[in-house]
Amino acid sequence: MRLLRCGADAVLVELGSLTEVAAARALLAGLPDVVDLVPAARTVLVSFRPGSPSVAAVRPLLTSADLSVAPAVTGRPVVLPVVYDGPDLELVASTAGVGVDAVVALHSGAEYTVAFTGFAPGFGYLTGLPPELHQPRLGTPRTRVPVGSVAVAGEFTGVYPRASPGGWRLLGRLAAGAEPLFDPHRTPAALLAPGDTVRFEVTG
Amino acid sequence: MTVLAPGPSALVQDLGRPGYAHLGVPPSGALDVPSLRLANRLAGNAEGAAGIEVVLGGLVLRAEASCTVVVTGPSTPVLLAGRDVGSHAPVHLRAGDVVELGPPRAGLRSYLAVSGGLDVPPHLGSRSTDVLSGIGPDPLRAGDVLPLGTPVRPPTGEDAVAPPSPPDRLTVPVLLGPREDWFADPVAQLAAATWSVSPESNRVGLRLLGHPLVRADARAERELTSEAVVTGAVQVPANGRPVIFLADHPTTGGYPVIGVVPTGHLAALAQARPGTRVRLRPRA
């Protein structure tokens, strides 16, 4: 673990694994004056109200803790209905050395956890992807990925909350009528928050 | 108020929506926070009431009810019936009066507060327009009607206010970290360089043109795993030319951040016109 300064009132904690990230995030959430707590793949950023003494409490808190144990899941369970008809389904199947049906079974059979968000409001990086589906990004990203696309890249799967450029491999799309991933008029605005568990349900 | 013309850019802004970075939502809010707070104080509002952030003037408003407006930021012409009544002081409008902002005499962004504040619907606790994610009200257009809140106290003209004069050369401190070790001799490189503000700059970031920052040999071809970034972060993309993240910045980034500009110096950056010379003074 390394602690890196981010201006006067924030610290970037660099960690060795997603488990450590989740453990550090849970501990830091208990400090007073937290403004933002932002996990990523190998880091957690914690920022405090200007001048807060909490910035000095980060090191003693984390060095005295065992970060090798993931915290108990405190998130909400979310089920997302998916139509598996994505343009990269056959590419993913051939890369994995299995059939298209097996890709659908693997992806919809796993339980995922929202490790962190980013890229766009409401985009969650989900861990728990079966190893066969760990695959690289496309060589050339698409200039436009449709809203609701369900995709994989590296150790993650995720759903595009709005149309945007993107290089993840597309397996399918959220079924019509599914809850939008992000709606600033809704409380909570983002359907997925770090710690939530997600399952994909085959539809249509 | 009715918008008769927005000028190059007129956006509703308050103090933003910090605290949602873990959902990918930028903080947004006025770029020159002290100027918005001052405009609101002079208009008799709470300091965080929603006003209008105007780039290079051109905003024309018609009052549909009697109200008071105050314009702050750099010294800015405020025209009422063709006469400049001045910025940094309350201007009383009757129903039907038309007020127009000229371009500021230096700097970039003027702030207009109205007694009662703009009462457009809040999104995630803020009325700010976020140009990166599209959260908040749309940029103002001719014909928009802006509802006003209820004034909490009468406007005060009592602060004796000398408008700030944005300089054409700017030096801002940078607290090194989190990723200064990705750069060869970061202190010397930062201290030696002078950049100029790119016309591509916007509310997402101030882009700097000039001598590229060089990475340490060991990091030359490395990629950083995406990580969270703060407002004021000096991110250095592959081309070596720094971008200083402003209020509508993405919440994560995949390029190393060499240092962070302290919050108190961001207002000066918000007023830096394209071409302004910028020096970054590294602090350990």
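The basis for the numbers below is simple: all heavy atoms, side chains too, and nothing from hydrogens, waters or symmetry mates. Numbers restart at 1 for each chain; the letters A, B, ... are given by sequence-line order, proteins then strands.
A salt bridge links B:Arg179 to A:Glu14: at least one charged side-chain nitrogen sits closer than 4.0 Å to a carboxylate oxygen.
Heavy atoms closer than 4.5 Å to chain A are found in the side chain of B:Ile135, but not in its backbone. Within the 4.5 angstrom heavy-atom criterion, only side-chain atoms of A:Leu12, from C-beta onward, approach chain B. For A:Arg25, no part sits under 4.5 Å from any heavy atom of chain B, backbone or side chain. Contact annotation for A:Ala193: both backbone and side-chain heavy atoms come within less than 4.5 Å of a heavy atom of chain B.
Among the candidates A:Asp36, A:Asp9, A:Leu45, the residue making the largest number of heavy-atom pairs closer than 4.5 Å to chain B is A:Asp36. Considering only heavy-atom pairs separated by less than 4.5 Å from chain A, the leading option among B:Pro178, B:Ser133, B:Gly134, B:Gly177 is B:Pro178. Between chain B and the options A:Leu3, A:Thr187, A:Val35, A:Leu4, the largest number of non-hydrogen pairs under 4.5 Å is found for A:Leu4.
Between A:Leu192 atom CG and B:Leu23 atom CG the span is 9.5 Å, to the nearest 0.5 Å. Taken from CD in B:Glu227 to CZ in A:Arg42, the straight-line distance is 12.5 Å, to the nearest 0.5 Å.
In the displayed structure, A:Arg186 atom CZ is contacted under 6.0 Å by more than 12 heavy atoms of other residues, nucleotides or ligands. In this structure, A:Glu111 places its CD atom where more than 12 heavy-atom neighbours from other residues, nucleotides or ligands lie under 6.0 Å away.
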